[in-house]
Amino acid sequence: MSIVKKLQAAVVNSLTNLYNQPFTDKDFQINQTKPEFEGDYTVVLFSLLKATKKSPEELGQQLGSELLQTEPEIFVSFNIIKGFLNIVVADGYWLKLVTKHYEDVCFGKHALNGKKVMVEYSSPNTNKPIHLGHLRNNFLGWSVAEILKACGYKVFKSCIVNDRGIHICKSMIAWQMFADGATPQITGTKGDHFVGEYYVKFNDEYKLQVADLVAKGVTQKDAEKQAPIMLATQQMLQDWEAGKPEVIDLWKTMNGWVYEGFDVTYKNIGSDFDKTYYESNTYLLGKKIVELGLKKNVFYKKEDGSVWIDLTADGLDEKLVLRKDGTSVYITQDIGLAQQKNDEYNIDESIYVIGDEQNYHMKVLKLIAQKLGVAAADAIHHLSYGMVELPSGKMKSREGTVVDADELVDEMINTARRHTEELGKVKDFTSDELVELYNTIGLGAMKFYLLRVDPKKRMIFNPEESIDFHGFTGPFIQYTYARIQSILRKIGKEEMGEEFWINQNLLPLEKQLIIFLEKYTNTLDQAAYELNPSVIANYVFHLSKTFNSFYVEHSVANAETEEKKILRIHISVMTATVIKSALQLLGIAVPERM
RNA sequence: GGUCCGGUAGCUCAGCUGGAUAGAGCAUCAGCCUUCUAAGCUGAGGGUCAUUGGUUCGAAUCCAAUCCGGAUCACCA
């Protein structure tokens with residue numbers, strides 16, 4: 001149990017004993033004591049004055065004394081300033097914490113709680129390569145999954161690949177028109193980039209054809225509908241749905257190229273999935289559920305045969321769920337897939353990592369699922385995140401104004417190499433070791449950059465300004481870890497019995513560090529509760545910052561006494577353990593040297 | 001227009017389940033490498049917490065209104 005929770009419980013007990021009436025931990029607030037006052041934790045007394053009919057001074061005295069009496073091992077002294085009861089925690093408490101957990105890789109984590117969660121993320125389209133926006137999605141999804149695992153959930157990572165539809169046919173048509181039989185192998189292009197080029201080519205040609213028609217006197221609207229390349233694409237989609245062999249063959253071939261490319265990217269950035277769904281398999285799902293809903297009068301049919309749901313009573317609009325030709329729309333598939341996920345995995349919670357532009361869609365999805373009585377409806381949770389934009393505005397694949405994921409990864413790794421070479425600290429590394437190090441640092445910088453911001457906030461990425469390697473960054477934290485490892489390599493782990501060093505007074509920075517380490521548990525819980533990796537990113541940065549202050553102020557190897565030396569080794573090991581654990585939850589590796 | 005999200009230092013962001021003098025990083029300036037890694041540390045300057053009103057002993061935090069920015073409200077996905 002964390003110290004804050006212990007204090008909360010102790011205060012509730014003490015109050016109940018003292019004043020013969022029930023209290024809960026909601027009746028008061030506990031904060032960390034501000035550095036300018038003496039103490040570690042502060043009970044804010046104002047909210048208790050009415051119930052206890054005491055003055056702050058009197059209440060503080062009584063409560064403080066009672067706390068010291070009931071938990072003399074933990075609380076050693078207190079002071080009262082205005083309405084604040086500042087409590088000092090025994091050094092022995094902190095020392096014991098360090099002896100117990102300093103090498104505990106599970107510190108802060110929870111045992112399995114029996115609950116199952118599915119995290120759906122990534123969800124790429126197979127007509128273009130992955131860009132910066134997808135990276136935010138990937139890192140978020142992966143990290144949230146790991147955070148939930150650490151908090152005791154059984155987690156399934158899933159991915160729905162949008163592998164069919166009009167946009168896929170666009171690159172297929174363009175390939176037929178312009179490729180002249182070219183393949184990724186022949187051109188030496190990564191498969192997803194290769195296909196993406198044809199998606200851009202489609203749009204270029206489409207624009208030309210529309211302009212041509214407009215020049216001939218056709219209205220813009222009509223021109224957009226009549227452009228031959230668009231008509232051909234629509235025809236191709238129909239052929240695909242009819243299962244026309246040559247179309248299916250081309251579709252399989254081109255998607256195959258994309259998957260080869262994606263595999264490389266996913267491997268590079270460390271994304272993985274337990275289950276991959278393909279829209280080509282799921283797009284027909286949900287129709288049966290809609291039919292059932294019609295019987296239950298959840299839906300209604302219009303004269304033209306299309307099926308709708310009326311959500312105006314819930315403050316939303318009417319929503320189409322089945323076209324007049326009986327085919328399903330986006331939301332129909334999603335209802336089907338939600339049901340299927342539940343059937344296959346019997347999940348307690350289903351998290352969708354999807355951009356905030358789909359907030360409305362997800363709201364509607366959940367509402368419809370609930371009205372239909374789909375088993376997993378209440379479990380649906382949309383982890384909505386803000387778009388990554390350029391200074392010039394939104395990224396658009398079809399305009400070619402995107403920050404390509406592969407290029408960015410390469411650039412980050414290159415920058416890592418440049419910095420490392422300039423510093424010249426690892427000249428004895430083999431080339432394999434160097435490659436690994438550059439990867440660790442480059443990806444660390446990039447992942448941290450995207451995860452340190454609250455997911456729901458929109459972010460603007462300026463390609464002119466490179467991602468930093470100093471300050472509030474991944475490399476800064478990795479560096480702190482490497483520094484600790486360096487100390488440990490030099491002096492080794494000295495084995496001394498606990499009784500030798502467990503009784504000593506902590507210096508302010510030593511104590512501050514341990515208090516920070518102790519907070520890891522609550523931090524993890526909060527990150528899981530909020531589904532927010534930035535909570536971890538902020539925590540591990542401040543932990544590293546505190547360690548670096550400690551590092552310059554106090555020598556470990558040349559500590560004042562042998563007791564101090566052993567203590568500081570333990571604190572350092574524990575800091576390294578927590579840094580490694582926290583970064584791992586963000587998908588960031590740590591180097592032994594850098 | 002309806003709904004949702006955001007507005008905190010020059011820039012990027014923490015802090016938001018109300019608590020003591022609003023914090024980091026970047027950038028700027030001034031210091032610190034013959035002792036454990038300077039991708040570091042110490043310090044300085046920099047604020048009408050969008051605005052107004054309300055609730056409260058106490059508001060960046062809660063409520064209301066207003067202003068600004070964004071998303072969305074498709075027989076697209």
Side-chain angles (χ1 to χ4, degrees), chain A residues 26 29 31 33-34 36-37 42 44-47 49-50 56 81-84 86 123 125 162 164-168 279 283 302 304-308 315-325 327-331 333-334 355-361 363-364 384 386-387 389 394 416 419-420 422-423 425-426 441 445 449 452-454 456-462 465 468-480 482-491 534-535 537-539 541-542 544-545 547-559 565 568-569 572 593-594:
Chain A
K26 301 249 180 329
Q29 211 175 34
N31 302 329
T33 305
K34 299 248 164 193
E36 55 269 32
F37 302 103
T42 298
V44 183
L45 300 172
F46 296 106
S47 55
L49 300 181
K50 248 186 202 163
I81 295 169
K82 293 193 264 176
F84 301 95
N86 301 320
S123 310
N125 292 331
N162 298 309
R164 53 132 246 141
I166 193 85
H167 53 301
I168 309 294
E279 201 190 293
Y283 82 108
K302 284 196 179 172
D304 64 0
S306 58
V307 180
W308 296 74
L316 306 176
D317 300 316
E318 295 185 334
K319 183 88 184 169
L320 175 99
V321 291
L322 225 47
R323 295 189 187 101
K324 64 183 170 210
D325 61 6
T327 55
S328 49
V329 291
Y330 184 37
I331 201 130
Q333 307 167 32
D334 275 352
D356 61 7
E357 55 193 1
Q358 294 198 36
N359 284 354
Y360 180 78
H361 171 79
K363 207 169 159 182
V364 170
S384 163
M387 297 287 105
E389 293 178 11
K394 265 188 125 172
H419 281 290
T420 308
E422 273 168 25
L423 291 167
K425 293 179 190 173
V426 288
I441 298 173
Y449 178 84
R452 67 183 195 182
V453 183
D454 189 327
K456 68 171 174 283
K457 289 206 178 178
R458 169 167 82 96
M459 50 195 305
I460 292 170
F461 176 80
N462 188 349
E465 298 165 15
D468 221 314
F469 281 57
H470 300 269
F472 185 25
T473 68
F476 169 83
I477 298 156
Q478 291 171 321
Y479 172 74
T480 310
R483 244 183 170 182
I484 296 172
Q485 298 313 309
S486 172
I487 302 174
L488 299 175
R489 268 195 304 275
K490 292 229 159 95
I491 58 180
S534 81
V535 171
N538 277 285
Y539 167 80
F541 168 68
H542 287 292
S544 300
K545 190 107 184 84
F547 183 85
N548 281 316
S549 299
F550 162 82
Y551 176 94
V552 293
E553 192 68 28
H554 303 298
S555 175
V556 177
N558 300 311
K565 183 173 171 184
R568 288 178 193 163
I569 291 173
S572 302
R593 289 174 57 192
M594 68 184 275

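We name chains A, B, ... by the order of the sequence lines, and we start the count at 1 in each one.
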Closest to the 5' end of RNA chain B, once A/S534 and A/N548 are matched to their nearest nucleotides, is A/S534

RNA chain B: 5'-proximal contact among A/D304 and A/T33 (nearest heavy atom): A/T33

By the rule that syn is within 90° of 0, classify the base conformation of B/C57 as syn or anti. anti

Look at all strands and tell whether [X] reaches a base, only sugar-phosphate, or nothing, counting heavy atoms closer than 4.0 Å.
X	result
A/Y360	sugar-phosphate
A/I484	nothing
A/T420	base
A/F472	sugar-phosphate
A/D334	nothing
A/E357	sugar-phosphate
A/M387	nothing
A/Y330	base
A/E279	sugar-phosphate
A/K363	sugar-phosphate
A/S549	sugar-phosphate

In whole angstrom, give me the gap between the [atom1] atoms of [N] and [M].
N	M	atom1	result
B/A60	B/C16	P	14 Å
B/U48	B/U42	P	27 Å
B/U12	B/U51	C1'	24 Å
B/C67	B/G45	P	38 Å
B/G40	B/G2	P	49 Å
B/A30	B/U72	P	48 Å
B/G6	B/U17	P	13 Å
B/A22	B/U8	C1'	8 Å

Which distance, rounded to the nearest 0.5 Å, do you find between the [atom1] of [X] and the [atom2] of [Y]?
X	Y	atom1	atom2	result
A/M387	A/K394	CE	NZ	6.5 Å
A/Y449	A/M459	OH	CE	4.5 Å
A/F472	A/H542	CZ	NE2	6.5 Å

Closest to side chain of [X], choosing from [options]:
X	options	result
A/N538	B/A14, B/G19, B/C75	B/A14
A/R593	B/A24, B/G19, B/U37	B/U37
A/N359	B/G40, B/U37, B/C4	B/C4
A/S47	B/U3, B/G19, B/A20	B/G19
A/M459	B/C13, B/U12, B/A20	B/C13
A/Q358	B/C75, B/A77, B/A14	B/A77
A/N162	B/A77, B/C13, B/G40	B/A77
A/K34	B/C75, B/C36, B/A20	B/A20
A/S486	B/C41, B/C5, B/C36	B/C36

Is there a side-chain polar atom (N or O) of [X] under 4.0 Å from OP1 or OP2 of [N]?
X	N	answer
A/Q29	B/G18	yes
A/K82	B/A20	no
A/R323	B/C76	yes
A/K545	B/G40	no
A/K457	B/G7	yes
A/K319	B/A74	no
A/H470	B/G40	yes
A/R483	B/A38	yes

Between [atom2] of [N] and [atom1] of [X], the distance in whole Å:
X	N	atom1	atom2	answer
A/L320	B/C76	CG	C1'	12 Å
A/D454	B/A24	CG	C1'	16 Å
A/F547	B/A24	CZ	C1'	20 Å
A/F541	B/G23	CZ	C1'	11 Å
A/N31	B/G58	CG	P	18 Å
A/E36	B/G19	CD	C1'	13 Å

Which label fits A/H419 and A/H470: parallel for a plane angle under 30°, tilted from 30 to 60°, or perpendicular past 60°? perpendicular

According to the interplanar angle, ranging from 0 to 90°, do the rings of A/F541 and A/F476 count as parallel (below 30°), tilted (30 to 60°) or perpendicular (above 60°)? tilted

How close do [X] and [Y] get, counting heavy atoms only, and between which atoms?
X	Y	result
A/I441	A/M594	CD1-CE, 3.9 Å
A/P56	A/G83	CB-CA, 4.1 Å
A/F469	A/P475	CD2-CG, 3.5 Å

Pairs counted as Watson-Crick or G-U wobble with both distances under 3.5 Å: what dot-bracket string results for RNA chain B, using | for bases tied to another strand? (((((((..((((.....[...)))).(((((.......))))).....(((((..]....))))))))))))....

For A/T33, give me all partners under side chain to side chain donor-acceptor pair (under 3.5 Å), at least two apart in sequence or on another chain. A/T42

Does a side chain donor of either A/D468 or A/T473 reach within less than 3.5 Å of an acceptor in the other side chain? no

Are a donor atom and an acceptor atom from the side chains of A/H167 and A/N162 found within less than 3.5 Å of each other? no

Does A/R164 make a cation-pi contact with A/Y283 (under 6.0 Å, within 45 degrees of the axis)? yes

